[in-house]
Protein chains: 2
Amino acid sequence: MARLSRGRKKVEIVKMKNESNMQVTFSKHRAGLFKKASELCTLCGAEIAIVVFSPGKANKVYSFGHPSVELLVDRFLGRDLPLRNDDDRHNHLIRAQRNSGQRGLNKEVMDMQESF
Amino acid sequence: MARLSRGRKKVEIVKMKNESNMQVTFSKHRAGLFKKASELCTLCGAEIAIVVFSPGKANKVYSFGHPSVELLVDRFLGRDLPLRNDDDRHNHLIRAQRNSGQRGLNKEVMDMQESF
DNA sequence: CCGTCTATGATTAGTCC
DNA sequence: GGGACTAATCATAGACG
């Protein structure tokens with residue numbers, strides 16, 4: 001059959017209304033995000049952890065992590081951070097709480113790194 | 001002055017050797033990754049947390065989180081996980097540990113994976 | 001839901017400031 | 001380090017199976 005697609009259209013970055021379309025977009029963008037992350041890992045030897053909660057009723061969880069989500073997250077939440085250069089503008093209060101010892105579970109988190 | 005750039009060149013996804021180039025690439029890709037994440041949040045109402053550790057000696061930490069890294073990470077590590085659809089292939093052992101009650105809060109966590 | 005296709009929008013390597 | 005630019009590559013909206 002004749003292809004009728006006129007190619008990609010511009011999409012405004014606002015919450016989508018169409019549910020089924022949104023599901024497709026969510027899948028595609030999630031895959032793209034994880035791919036970008038893995039490229040950044042490979043190209044620059046960075047260590048990345050990503051956790052994604054899908055919206056709506058089917059609140060599924062997807063994750064990407066190199067070397068592992070848990071390891072990186074523990075290091076993030078732990079205390080021996082070499083330096084915090086935080087682009088996250090939303091959780092200053094929570095971070096302050098955490099840093100003051102709220103967690104009380106983190107002990108020594110091995111720091112292993114290098115290439116990949 | 002006359003622009004001599006011949007535009008973007010194809011880049012193989014392997015670890016970069018040039019350190020200063022890598023620094024630039026790291027910054028650009030990190031910004032792109034966070035932007036993609038925020039778009040996914042807005043478009044689909046997803047909740048995303050990202051933690052990035054920069055490579056090399058200056059092991060800085062960058063994070064993105066909506067609503068917040070801590071909240072999402074706690075939910076990820078915590079108890080009321082609705083479902084785990086994990087794309088992370090590297091941490092089966094750690095996950096198994098966690099799921100077997102190391103943190104003492106996990107009950108039933110579905111494990112399914114594959115793809116990506 | 002997943003995979004494929006293609007035109008086109010989005011990202012970015014290389015460059016200069 | 002950051003910002004701007006351009007041209008090329010890359011990602012993906014929408015349509016279809």
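Here is how names work: the chains are called A, B, and so on, in the same order as the sequence lines, proteins then strands, and each is numbered from 1.
Judged by distance alone, the side chain of B/Ser68 and the main-chain N or O of B/Leu72 form no donor-acceptor pair under 3.5 Å. In this structure, the side chain of B/Ser54 engages the main chain of B/Lys60 through a donor-acceptor pair within 3.5 Å. With hydrogens and angles ignored, the 3.5 Å screen pairs no side-chain donor or acceptor of A/Ser27 with any backbone N or O of A/Ala31.
Nearer to the 5' terminus of DNA chain C, by closest-nucleotide assignment, is the contact made by B/Lys35 (compared with the other of B/Lys35 and B/Asn21). Each of A/Val24 and A/Gly7 was matched to the nucleotide of DNA chain C holding its nearest heavy atom; the match closer to the 5' end belongs to A/Val24. The 5' end of DNA chain D is approached more closely, in terms of each residue's nearest nucleotide, by B/Lys10 than by the other of B/Lys10 and B/Leu43. With DNA chain D read from its 5' end, the first of the two nearest nucleotides for B/Ser27 and B/Lys9 is the one closest to B/Ser27.
Under a 4.5 Å side-chain heavy-atom cut-off, the cluster of Ile, Leu, Val, Met, Phe, Trp and Tyr residues that includes B/Val11 is completed by A/Leu43, B/Ile13, B/Met16, B/Met22.
For residues 13-29 of chain A, no pair satisfies salt bridge (charged side-chain N to carboxylate O under 4.0 Å, His left out), with sequence neighbours left out.
Rounded to whole angstrom, the span from the NE2 atom of B/His29 across to the C1' atom of D/dC10 amounts to 10 Å. As rounded to whole Å, 10 Å separates atom C1' of D/dC10 from atom CD1 of B/Ile13. Between A/Lys36 atom NZ and D/dA11 atom P the separation is 5 Å, expressed in whole Å. One atom, CD of B/Glu12, and another, C1' of C/dA13, lie 15 Å apart when rounded to the nearest Å. Straight-line distance from the CG atom of B/Asn18 to the P atom of C/dT15: 11 Å, rounded to whole Å. Spacing between atom CZ of A/Arg30 and atom C1' of D/dA13 amounts to 17 Å, rounded to whole angstrom units. As rounded to whole Å, 7 Å separates atom P of C/dG14 from atom CE of B/Met16. When rounded to the nearest whole Å, the span between CG of B/Leu40 and C1' of D/dT12 equals 13 Å.
The end-to-end axis angle of the helix from C/dC2-D/dG17 to C/dC17-D/dG2, rounded to 10 degrees and based on five pairs per end, is 40°.
Taking the side chain of A/Gln23 as heavy atoms from C-beta on, and the options C/dC1, D/dC10, C/dA7, the nearest nucleotide is C/dC1. Closest contact between the side chain of A/Arg8 and the listed nucleotides D/dG14, C/dG9, C/dA13 involves C/dG9. Nearest nucleotide to the side chain of A/Glu39, out of D/dA11, D/dT9, C/dC1: D/dA11.
Using a 4.0 Å heavy-atom distance criterion, A/Lys28 is classed as a base contact.
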Give the C-alpha distance, both sets of side-chain angles, the deciding distance and a yes or no for side chain to side chain contact (heavy atoms under 4.5 Å, CB included) between B/Asn59 and A/Arg75. CA-CA 12 Å; B/Asn59 199 254; A/Arg75 217 194 304 163; 3.8 Å; yes

Might you work through the side chain to side chain contact (heavy atoms under 4.5 Å, CB included) test for A/Phe64 and A/Val52, ending with a clear yes or no? CA-CA 9 Å; A/Phe64 169 89; A/Val52 178; over 6 Å; no

